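Notes for the one structure printed next.
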Amino acid sequence: MTGARIPAVVVADIRKSYGELKAVDGVSFTVAEGEFFGILGPNGAGKTTTLEIVEGLRKADAGQVTLLGEEPWPRNAKLLPRIGVQLQASSFFEKLTAREQLQTFGSLYGVSRQTADDMLELVGLTDKANVQENKLSGGQRQRLSIACALVHDPDIVFLDEPTAALDPQARRNLWDVLRAIQARGKTIVYTTHYLDEAEILCDRVAIMDRGRILAMDAPATLVRGLNAPTHVVLQKGVLTREAARGITGVEDAHEDEVSLTISTRKPAPVLSALAERGTLDGLQVRTATLEDVFLDLTGREYRA
Ligand SMILES: Nc1ncnc2c1ncn2[C@@H]1O[C@H](COP(=O)(O)OP(=O)(O)OP(=O)(O)O)[C@@H](O)[C@H]1O
């Protein structure tokens, strides 16, 4: 034994077509144990199809998947206790309360009622324990479905767009839940079409479009790789465009009705020059994001 750990997820050149449409067109990636991995892309990119093949819920036309060294397809009973798959809200048992849903899922795996209650606590639903699932809000139902995926303490958790259709506050609450899951040492593989969210949560992301992975790395590395300028935005009138262009390190400066925007790849000296001129009031700094990476990769604006 070398002591090297098996990766949690290994995906090698998977493919899936629906008629002429190549929904997944040669996708490969590896996820380490404990990693938070995001599959990103616009609608129809092939994220769900990829995830379902990886989970063992859908058969690939070609390619291999192993989870913790085991193949998930055909249905692999050895893996079931070790993976958690977020169920769609429609998959709940009818008329049961949040606590009963979770206890029922848990009982399939021999999980104690206390563990089920702990999970309710983790997703912040303790005060809704006795509420019927169909009376929960959309965000609460999403959290319950995540709790159901976690109740048997799996090593890998798969979540398909867990934050879709949530209001901003519910999304942020769910981010805390996802971070708490990762802090428990779980491997998380999730899909989202929110690039800003993935940038905050994920250790690494794969950007998908039209069935293929276009780029894969830590979000910060992808953004840095663009070598895009930082934009420093000042209130109009605090500095003239000519004066801004005269500052060492400024590449360009544009004005509109309300602001003056300076482009620079050397933000530190530019900011200190602006500080010396006393023009920091109301200043905003905008760096490139994963949306810029998507634009760079595809030539198209990102539309979720
Ligand atoms: N069962 C199916 N039969 C035919 N076409 C399908 C089927 N499932 C998915 N597709 C098509 O395959 C492509 C990829 O779909 P998929 O659901 O994997 O994308 P996605 O990235 O998850 O999109 P979304 O963000 O909208 O869920 C889409 O064009 C979709 O219409």
Side-chain angles (χ1 to χ4, degrees), residues 9-31 36-65 67 72-75 83-91 138-139 141-143 145-146 149 156-168 170-171 174-175 178 187-202 204-217 219 222 289-291 293-304:
V9 180
V10 180
V11 178
D13 201 22
I14 56 170
R15 289 165 195 275
K16 181 82 185 176
S17 293
Y18 298 109
E20 292 293 294
L21 177 80
K22 292 179 175 172
V24 178
D25 189 14
V27 162
S28 304
F29 59 87
T30 300
V31 183
F36 195 147
F37 185 78
I39 303 174
L40 324 182
N43 283 326
K47 306 181 296 294
T48 298
T49 309
T50 299
L51 197 68
E52 289 182 352
I53 291 169
V54 175
E55 291 164 344
L57 296 177
R58 197 171 283 273
K59 188 178 188 307
D61 297 339
Q64 284 84 41
V65 178
L67 305 178
W73 183 278
R75 200 178 120 89
I83 65 174
V85 175
Q86 179 201 7
L87 297 161
Q88 296 305 311
S90 56
S91 317
R141 215 172 294 138
Q142 294 274 52
R143 282 188 272 150
S145 74
I146 291 174
I156 311 176
V157 187
F158 295 103
L159 307 163
D160 194 3
E161 305 214 4
T163 56
L166 297 183
D167 64 55
R171 264 179 83 200
L174 204 49
W175 294 355
L178 297 178
T187 305
I188 303 177
V189 180
Y190 104 131
T191 69
T192 185
H193 55 251
Y194 296 120
L195 300 191
D196 54 342
E197 170 183 298
E199 208 165 329
I200 294 168
L201 290 177
C202 295
R204 268 186 325 132
V205 296
I207 299 183
M208 270 192 93
D209 191 39
R210 297 176 180 162
R212 292 172 164 269
I213 292 180
L214 302 182
M216 182 162 50
D217 216 321
L222 291 174
T289 66
L290 282 180
E291 294 203 10
V293 174
F294 186 86
L295 177 65
D296 186 62
L297 289 168
T298 64
R300 308 195 316 270
E301 290 279 344
Y302 184 79
R303 298 257 181 277

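On a predicted model such as this, the values are computed, not experimentally measured, just so you know. When a ligand or atom number is given, it counts from 1 through the structure's own listing order.
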Any N/O pair His193/ligand 1 closer than 3.5 Å: no
Donor-acceptor pair, side chain of Gln142 and main chain of Ala164, under 3.5 angstrom: yes
Positive for side chain to side chain contact (heavy atoms under 4.5 Å, CB included) with Arg58, one of Ile53, Thr48, Leu51: Ile53
For ligand 1, the portion of Met208 having any non-hydrogen atom under 4.0 Å away: neither
Ligand 1-proximal atoms of Leu21, by part, heavy-atom distance under 4.0 Å: side chain
Tyr190: partners by ring-ring contact (aromatic ring centres under 6.0 Å, His included), with sequence neighbours left out: Phe36
Sidechain-backbone polar pair: Asp25 side chain, Arg210 backbone, donor-acceptor under 3.5 Å: no
Under 3.5 Å donor-acceptor, Ser28 side chain and Asp13 backbone: yes
Nearest-option assignment for atom 14 (C) of ligand 1, heavy atoms, candidates Ser17, Gly211, Gly44, Ala164: Gly44
Exercise: identify the closest heavy-atom pair between Lys16 and Thr49: CG-CG2, 3.9 Å
Distance-only N or O hit between ligand 1 and Ala23, under 3.5 Å: no
Atoms in ligand 1 flagged as close to Pro42, the criterion being non-hydrogen separation under 4.0 Å: 21 (O)
Test item, Gly41 contacting ligand 1 (heavy atom, 4.0 angstrom): no
Atoms of ligand 1, numbered as shown, that sit under 4.0 Å from any heavy atom of Ala45: 19 (O), 20 (P), 21 (O)
N/O separation below 3.5 Å, Lys47 to ligand 1: yes
Nearest heavy atoms of Arg300 and Phe294, plus distance in Å: O-CD2, 3.6 Å
Non-neighbouring partners of Arg204 that pass side-chain hydrogen bond (donor to acceptor under 3.5 Å, both in side chains), sequence neighbours left out: Glu35
Test item, Glu161 contacting ligand 1 (heavy atom, 4.0 angstrom): yes
From Thr191, Asp160, Thr48 - option closest to atom 17 (O) of ligand 1 by heavy atom: Thr48
Where ligand 1 meets Thr49 - atom numbers and elements under 4.0 angstrom, heavy-atom basis: 15 (O), 16 (P), 18 (O)
